[in-house]
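Atom set for the values below is all heavy atoms of this structure, side chains included, hydrogens, waters and symmetry mates excluded. Each chain gets a letter, A, B and so on, in the order its sequence line appears, and its residues count up from 1.
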Amino acid sequence: MTVPTSERLLRAALEDGLDDDLVHDIAGSAELQAEVVGLVAVFAQLPGEGARDAEVRLEALLDAVAHAAVPIVVAAQQLQPVTSK
Amino acid sequence: MCANRDTFLLEHVTDDLRQRFDVFVPELTARAAELSAAAPEPRPTAAELVDATWRVVAAKRKLDGSLRAICLRELEGCAHNLALRRLLAAGDLDGAFVRLLPHLTTWATNLARGVPGDLDPQELVQDAFLKLRRAPMFAAAENPLGYAFRAIKNLVIDRARRQRRTVEVADRHLPAVEIEMSGERLQAILEKAGLSDRERCMLVHVVFEKLAVSAAQKHCGGPPGAPYYVLDKILDKVAASLGITRSRS
């Protein structure tokens, strides 16, 4: 059974270890990029060390996505209208 | 034809990545020549672009999916990064920013959607350019594209955290750090979210006690199974009560 991405994101926020597949999925999805930030915003409002750790892990996840910026660039190119050949 | 050949190679030739890569070199070289022609002066050669692509592909920890697709995608990234590095080496920051602008705008727009309240992506991009202009590391970065993307990410995360401080100071006239560690504040959030006792227990044990999600579920007497699904729903309620929209893919 496929685990929904929002649950994979939560796991990434609350457990150590970087999920390469998730990094790639986020890099290629505008929705997921917003969802990671939304989750950071939720944890940022919650007190507690567990919430702080989750923020740090999610930020590291976004760093990995930024480092693998190529899929974001390709996705952006696909969204732009073709004006010349 | 290429796709079939790629699938065959992925299935049957696993011991020599370079050998598999070489199969695509003619196609990559042709695409690299197009990218080189479209690049600003000083242009990287097609051979330089293919070589840079090989180094990126060889350094990858995992190669899932079509090697051909991965190589072509990374070639695009290498073309961007090589062009950026040359512009930066020539001291042409404005040229580099013009090249980065559409990609950073897309990234900023996507990330800004996750932050509650209005966050103008154009403003984020302008702020990032100002920071990059003052960052000596940017001009020497191996991956200037990734460096610039991280600059936007840092601004968005700072904004999300700044919002927390604003709320805390508005809630109580206490130093932000003191309020941050306050169980009282957590109780207020849980009440506002309308969580059941079991849901409160689970969230508190995850964020305050740092208990594993499945252990927190068990400790709080929830039915076993799908702990992350349960926590996801709890966080949905908290997010809604805080006015945060968690977008769903």
Hey, what do you get for NE2 (A:H24) to CD1 (B:I70), rounding to the nearest 0.5 Å?
7.0 Å

Consider side chain to side chain contact (heavy atoms under 4.5 Å, CB included). Of A:V36, A:L62, A:V65, A:V37, which one does B:K153 pass it with?
A:L62

Does A:D63 reach the main-chain N or O of B:R150 with its side chain, forming a donor-acceptor pair under 3.5 Å?
no

For the residue pair B:W107 and A:A66, what are the closest heavy atoms and their distance?
CZ2-CB, 4.3 Å

Using heavy-atom distances under 4.5 Å, tell me whether B:L242 contacts chain A through its side chain, its backbone, both, or neither.
side chain

Taking every non-hydrogen atom, the tightest pair across A:L10 and B:Y228
CD1-O, 3.5 Å

Pick one of side chain, backbone, both or neither for A:D53, based on which atoms fall under 4.5 Å of a heavy atom in chain B.
side chain

Per-residue contact mode, A:V40 against chain B (heavy atom under 4.5 angstrom):
side chain

Value for CD (A:Q33) from OG1 (B:T109), rounded to nearest 0.5 Å, stands at 10.0 Å

How far apart are the closest heavy atoms of B:D232 and A:S6, and which atoms are they?
OD2-OG, 3.1 Å

Verify the neighbour count for atom NZ of B:K131: are there more than 12 heavy atoms of other residues, nucleotides or ligands below 6.0 Å?
no

Please state whether the side chain, the backbone, both or neither of B:L231 comes within less than 4.5 Å of a heavy atom of chain A.
both

Are B:R161 and A:E59 ion-paired here, with the side-chain N under 4.0 Å from a carboxylate O?
yes

Can you tell which part of B:V206 gets under 4.5 Å to a heavy atom of chain A, answering side chain, backbone, both or neither?
both

Taken to the nearest 0.5 Å, the spacing of B:I244 CD1 from A:L39 CG works out to 9.5 Å

I need the minimum non-hydrogen distance between A:A44 and B:A160, along with the two atoms involved.
CB-O, 4.3 Å

Test log, rule side-chain contact (heavy atoms from CB on, under 4.5 Å), inputs A:F43 and B:L235:
CA-CA 9 Å; A:F43 279 116; B:L235 287 174; 3.9 Å; yes

Nearest-0.5 Å distance, CG of residue B:N110 to CD of residue A:E31
8.5 Å

Closest non-hydrogen atom pair between A:A34 and B:R113, with its separation
CB-CB, 3.9 Å

What part of B:N81 gets closer than 4.5 Å to chain A, counting heavy atoms only: side chain, backbone, both or neither?
neither

On a heavy-atom basis, which atom in B:I189 and which in A:P47 lie closest, and how many Å separate them?
CD1-CD, 4.3 Å

